[in-house]
Amino acid sequence: MNHSVLALVPALPLLASFLLPLVPGAARRLVGPLTLLAVAFIGLNLWPLVQTEPMVLAVGDFAPPLGITFYADSVSALFVIAVALVTLVLWPWSGSDAGNLDRKQSLTLILAGACGGLAVSGDLFNVYVFYELAAVASFGLAAGARTAAAQIATFRYVVIGSLCSLLALLGITLIYVQTGTVNLAHLAQLAPLKLHNPLGLAAFFMILLGLGVKAELFLVNTWAPDVYATAEARVSGLLAGLVSKLALLAVVRLLVLIFPLPEARDALLLLGMLGILSGEFAAFRARDVKRMLAWSSIAQLGAAFVAFAIPGPAGLAAGLAVALHHLLVKPALFLLADRWGGSLAQITGAARNSPVSAGLFVLFILSMLGVPPLPGFWAKYLLLSGLAAQPEGLWWLAGAIILLTTVVEAVYLFRVIGALYGRDHTVTPKTQSATAVIGSGVFAAVLLAVAFSAPLLALPLNRMAVQMADSAAYIARVLPPVLPGVAP
Amino acid sequence: MLTRYSALIFAAGLAFMLFVLFSGLPLGAPGMVVGQAVLDRAPAEVGAANIVTAVVLGYRGIDTMGELAILFAAATAIGLVLGRSRGSRHCPPAIQPGGFILRAGNDMLFPLLLVVGLYIILHGHLTPGGGFQGGVVLAAAFVLPVLARPTDMPSHAAMAWIEGLAGAAFILTGMAALAYDRAFLAPLLGTGEMGALVSAGTLPILYLAVGLKVGAELASLLLSLTEEGGD
């Protein structure tokens, strides 16, 4: 397979989004889904190839570190598949206005291209470009609901996003001034000498804040509840489920390759813990179902940050499990909350009219709480056992916080279940739309498949984590030593 | 009281933090690691007299693809927010046509701006400038007539075609390298003689695509803003 297929992961969706408004007639509606299927096909072909040997592409045939490098290991391949398929499930199939539907489909394709780019990029500035691309596309999609509330929420999102992007750019500048390169492998090589100092750490924190906006990191996540509550359900699902994971992946690559320092891990751990606490308690207080889901999403991503802070492959495995589980659960919940948004009084007794959707809702909620044998249990188990294996102190505090907030989580999630199956309804709850039921049904099927094959999945998960943690192999693969046996 | 000054306090804190950080950097001694290597190798590898272009379209070509997409996403998002169907034409009736001086000036400036814009784009691989700068000049050339004759707007459909095809041309040129078993966005057609108008392989084609896309994107963005202003 030509290595350039890696470049097609971002390039194909972008090409399709440029050409989409020009395609005539009914074929226009097929452009997006077919493109996403093609990207999924690339990802599926990539998966077996990169298991043993990650794939490297020097874009434009300019050898690293001069040109931009794309790097795909098994985690990248998995995320390429996830980006394509999740976007397909959350695809805007229909809309009231044809022109605006074109625009939404174009922006969704751009978002998929940017996320694919984030999954395979091996260049710090290129990561920034794709991150910005994802940001601009998601600003447009978030405001696409075209209500005043959505536009106000998006405005706040734009302000926070732009300010923090600027911080990330300053961080990249700091790194470039000190090292003279932006290639991740080259940076990993130079880091112990040039970046493991206060200035390097400051650069990492600035980039962490910048990328943290999309990853719903504590401090810079204040936009999330308003945007998720006002945007269309598909968009909330994409942002909370998919985009946040790709931003997280970029942060983790930096952490593993360039800044494997205790200070950087402590920052992730602390901000993650604060994210869990603030998210869970705010979700407990929230009276609006979508807002509650948004806050719980912040808490879940806090847990993912805590997991990735754990050193070594164990932390990466736990983090991947938490992140992938959230990727399956949250978009489906947002899809179901589209008709069941608002206060709990409005969905009281909804289970009577739509028992299937209510059943799905309960399934996702149980998995989020970590009820065995659902995947959420294994994710929490990996996270807690990873934390427990660390020396006491902050790590054990994080474990205690996760266990305690699970109780809070149970209270507010069971409140929703209670309402769904309640009897004393004052208003007739809305029935679910077909797209929401089908979309969340697909996620539920994957969730159940994972639940039944959980013992089989432990091995590939560990292999992915080990491959991702091996920064020496990353460097050697991108920048092969000039002479055999001589370190570069 | 506190909320009124909080932005000021925040800005001061940020400025102090940045001052402390950047004062720790060695001033005037940039780490020319990759930069020096590119300076040494670009003339032979890419053949563009303007090294900046060699970096923008060669070494970091896929960043430029991303930037084009960012512009497209921004224009699409603004279209979505301001919301009118693509291809529809709408003339604000209340706007008066421009005066004689504006119209006469526009008639003289339009061809001049067109030539300057295209010159900057086509010489992007030789002299400072290129697709982004020339594209902005082109956009200005098409927005000026809107000021002079607001009732006679250029059509959105034509803009949409230029936008789409120019963006596609960039990516398809990149994909053409795959047919020669080269990597995505590898410059083709040889380097040529440095300094000649036809040199640096596919870079001028890429810059033409960038220029047209930037021009069409900015022009259609400004047009959708003027249209909304008439409501």
Side-chain angles (χ1 to χ4, degrees), chain A residues 2-4 6-8 10-11 14-15 17-22 57-62 65-68 97-100 102-104 106-107 110 113-114 117 125-126 129-130 132-133 136-137 139-141 143-144 146 151 170 174 176-183 186 190 194 198-199 202, chain B residues 14 17-18 21-22 24-26 30-38 41 45 58-63 65-74 76-81 83-88 160-161 163-168 170-172 174-175 177-178 181-187 213:
Chain A
N2 190 326
H3 289 193
S4 282
L6 280 186
L8 295 186
L14 296 187
L15 179 68
S17 83
F18 292 160
L19 289 178
L20 185 123
L22 311 180
L57 165 72
V59 180
D61 277 337
F62 296 106
L66 297 195
I68 291 175
D97 179 295
N100 281 338
D102 285 356
R103 294 186 178 116
K104 281 178 194 168
S106 279
L107 286 176
I110 288 183
F125 191 77
N126 192 242
V129 169
F130 281 126
E132 277 297 282
L133 184 56
V136 174
F139 295 155
L141 285 171
R146 305 194 59 184
Q151 296 190 348
L170 280 171
L174 271 179
Y176 183 75
V177 170
Q178 290 183 84
T179 59
T181 181
V182 282
N183 184 296
H186 201 195
L190 298 175
K194 298 199 171 175
L199 267 179
Chain B
L14 190 67
M17 184 190 85
L18 292 181
L21 284 180
F22 281 82
L25 291 177
M32 290 286 280
V33 179
V34 168
Q36 192 57 48
V38 166
R41 296 172 59 169
E45 264 185 4
Y59 294 95
R60 307 200 65 88
I62 208 151
D63 278 353
M65 181 185 87
E67 276 146 27
L68 283 185
I70 289 178
L71 206 57
F72 180 73
T76 312
I78 285 176
L80 189 60
V81 172
R84 185 162 284 118
S85 298
R86 202 186 279 271
S88 78
W161 275 93
E163 265 179 59
L165 290 182
F170 189 96
I171 296 180
L172 290 175
M175 283 189 187
L178 268 67
D181 211 25
R182 303 277 308 275
F184 183 73
L185 273 177
K213 181 135 182 91

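Residue numbers begin at 1 in each chain, while the letters A, B, ... track the order of the sequences.
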Chain A contact via [X] - side chain, backbone, both or neither, heavy atoms under 4.5 Å:
X	value
B:L71	neither
B:A177	neither
B:Q36	neither
B:I171	side chain

TODO: Please determine, among B:A166, B:A74, B:G58, the option with the most heavy-atom pairs under 4.5 Å with chain A.
DONE: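 Result: the option with the highest number of such pairs is B:G58.
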
Open item on the list: Looking at every non-hydrogen atom in both residues, tell me the closest pair between A:A7 and B:I62 and how far apart they are.
Closed with: CB-CD1, 4.3 Å

Task: Least distance between heavy atoms, B:A73 atom then A:I110 atom - done: CB-CD1, 3.9 Å

Report the option among [options] that has the most heavy-atom pairs separated by less than 4.5 Å from atoms of chain B.
options	answer
A:L190, A:N126, A:V136	A:N126
A:A202, A:G140, A:G180	A:G180
A:A137, A:S17, A:A58, A:P10	A:S17

- [ ] Please list, chain by chain and in numerical order, all residues satisfying side-chain contact (heavy atoms from CB on, under 4.5 Å) with B:A183, sequence neighbours excluded.
- [x] A:S4, A:L57, A:D61

Under 4.5 Å from any heavy atom of chain B, what part of [X] do you find: side chain, backbone, both or neither?
X	value
A:Q151	side chain
A:F18	both
A:L22	both
A:T181	both

With side chains defined as the heavy atoms from C-beta onward, is the minimum distance between [X] and [Y] less than 4.5 Å?
X	Y	answer
B:F22	A:L170	yes
B:R60	A:V182	yes
A:V129	B:M65	no

Pairwise distance [atom1]([X]) to [atom2]([Y]) - rounded to 0.5 angstrom:
X	Y	atom1	atom2	result
B:D63	A:L133	CG	CG	11.0 Å
B:L172	A:L19	CG	CG	7.0 Å
B:L178	A:L8	CG	CG	6.0 Å

TODO: List for me each residue that meets ring pair (Phe, Tyr, Trp, His ring centres under 6.0 Å) alongside A:F125, sequence neighbours excluded, and say none if there are none.
DONE: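 Scan of A:F125 (ring pair (Phe, Tyr, Trp, His ring centres under 6.0 Å), adjacent residues dropped) gives A:Y128.
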
- [ ] Run through B:L80, B:V81, B:I78 and flag the one making a side chain to side chain contact (heavy atoms under 4.5 Å, CB included) with A:R103.
- [x] B:L80

